[in-house]
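Chain letters run A, B, ... following the sequence lines, proteins first, then strands; residues in each count from 1. Atom set for the values below is all heavy atoms of this structure, side chains included, hydrogens, waters and symmetry mates excluded.
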Amino acid sequence: MDALRRAATRQDFAAVLQKAAVRFGSLTALHDISLEIEQGAFWTILGPSGCGKSTMLRLISDLVPAAKGDVTILGKTTKAARLAREFAFVFQDATLLPWRTALRNVELPLEIGRRKGVDIPTGDRSPRELLALVGLHGREDALPHELSGGMRQRVAIARALVCQPKLMLMDEPFGALDEMTRDRLNMQLLSIWEETGVTILFVTHSIPEAVFLGQRVLMMKSDPGRIMEVVKVELPAPREIEIRDTREFTAYTAYLRQLLEAA
Amino acid sequence: MAGLEGTVSMNRRSKGQVPQLGRVISSAVPFGTAIGLLLVWEVGVRLFQVPSYIAPAPSDVGQVMGEEWPLLMRNFWPTFLESVLGFVFGNSAAILIAVAFVHSRTVEKAFFPIAVFINTIPILAIAPILVLIFGAGLTAKVVIAALICFFPTLVNMVRGLQAVSPQTFELARILSASNAEIFWKIRLPSSLPFLFSALKIAATTCVIGAIVGEWVGADIGLGALIIDSTFNFRSSLLYATVFLSSGLSVMLFAMVITAEKLIVRW
């Protein structure tokens, strides 16, 4: 009965990690991670290099197995969630196929990974509509090399949304972009998040970015990678870029900087 | 804003004019150089009265090319056929073996050293062996032309099939792609630029292979005509044949480049 109730509550969460650990040989990359990420939330993950931020996303997305503990996505195992396209991944590099146009890149998830008995969900929005949503209307037939770095990353986001995932895992997606492009994409990502209701887990190196985007900032520690603190960001929504100049905002960044130095 | 548009349109206008002139110049330079060298050759031969069996003047070569055109064409087509068939078979074999290598480390470990060994045998040394095995007909020349194409394509194709970033593989895994999907939708397209750089090499070397095969034993083909005209001191015909051989290579090379432009657009 207790197990049943726990399973029921788990479905309400986009992702639940219970005492999860990841090992690469003798190296412990992640140690004793327990988290509950509610549906529709926006979490950002900060931490020193090598603290396992990316590994955490890879654990949730079934790219690396858990050595210990348990990970569920909407109550499913990570593998079942992967087959059902419950989550999507956005990499630091846009990872577009260079021979496909922007539109055909967005369509890729609809073309591959078909299995008997498992339907690939097609979202409410068509690939074309998604490209318009990320502001690339009119560039459907452009090849990736004809697009700027920011545009390529927006194609990657449209591709991630094409199966209407419940959870979007983003691994430093704007890390390689210049600051102005990054600011613009941050604003755009927030409006996409509000419009689609997708849960977002967002790894970044930038403290202002983490505070600006996240409802919660997860600070991690290294050797072995573990959770240091979860900071709830209580800034008003919708957030505009100017919020960064407010005292509340800088109070958060100052606090997180202290944490990061201690990590 | 108006000023900005002004510069943009000015750029466009200058782009429209200068490249036209630039294109004329850039094609005039190599043409002019070639014509200049031919003139120097012509004048040199006449000035020093070099006997035509040692070095014929370009005008003599041109004249022979006109007079003996039917003979040259009779020998051109067999060599063309051998080269093209060798190109097709050699590259197809290389592509298939590269696919096998990429899918099985064991197969690669077992056969790659043999491929390297075959590549180290000079083509001139192995040609007589192949003519002994396959006889003086078409087959031996095709095999020699295929052999000479094989190795560069194998090496490039293996590299091309492996030129997929780890992140792309992670993307494929998140999309639960099957091995067949990874091959057809990711590996194969990303190998194409590598394949075409190998095919450009093969387009010229397959002609060399066919001609070497004809040297060893043939009574028709550009290679046979080269041997024949050399022994009969028909130097003008020899030169004409050599030019035609290089023309064949250039033609195949141009075909590969055209195909590349149509297929590899990224």
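Open room surrounds CE on B:M255; 12 or fewer heavy atoms of other groups in view lie less than 6.0 Å from it. Residue-environment remark: NZ (B:K200) exceeds the threshold of 12 foreign heavy atoms within 6.0 Å. No more than 12 heavy atoms of other residues, nucleotides or ligands lie within 6.0 Å of CZ in B:R159, so this atom counts as exposed by the packing criterion. The neighbour count for B:F111 CZ, taken as heavy atoms of other residues, nucleotides or ligands under 6.0 Å away, does not exceed 12. Counting heavy-atom neighbours within 6.0 Å of A:E179 CD, excluding the residue itself, gives a total of 12 or less. Counting heavy-atom neighbours within 6.0 Å of B:H103 NE2, excluding the residue itself, gives a total above 12.
At a threshold of 4.5 Å between non-hydrogen side-chain atoms, the residues A:F91 and B:E170 count as touching.
Contacts of A:L63 with chain B are made by both backbone and side-chain atoms, with heavy-atom separations under 4.5 Å. With a threshold of 4.5 angstrom between heavy atoms, A:R85 approaches chain B through side-chain atoms but not through N, CA, C or O. Using a 4.5 Å cut-off between heavy atoms, A:L83 contacts chain B through both its backbone and its side chain.
Across every non-hydrogen atom of A:E111 and B:K185, the tightest pair is OE1-NZ, 2.9 Å. Here the shortest heavy-atom pairing between A:G113 and B:E181 reads N-OE1, 3.0 Å. Of all heavy-atom pairs between B:P189 and A:W99, the closest is CB-CE2, 3.1 Å. Here the closest heavy-atom approach between residue A:P109 and residue B:L175 is recorded as CB-CD2, 3.7 Å.
In this structure, A:F89 CZ and B:Q167 CD are separated by 8.0 Å, a value rounded to the nearest 0.5 Å.
Chosen from A:L108, A:I112, A:D62, the residue pairing most often with chain B at heavy-atom distances under 4.5 Å is A:I112. Note: A:R82 leads A:K79, A:R159, A:R82, A:R58 in heavy-atom pairs under 4.5 Å with chain B. Taking chain A as the reference chain and counting heavy-atom pairs below 4.5 Å, the highest number among B:V164, B:T168, B:I186, B:L171 is found for B:L171. With chain B as partner, the option from A:D93, A:L143, A:L97, A:L96 having the largest number of non-hydrogen pairs under 4.5 angstrom is A:D93.
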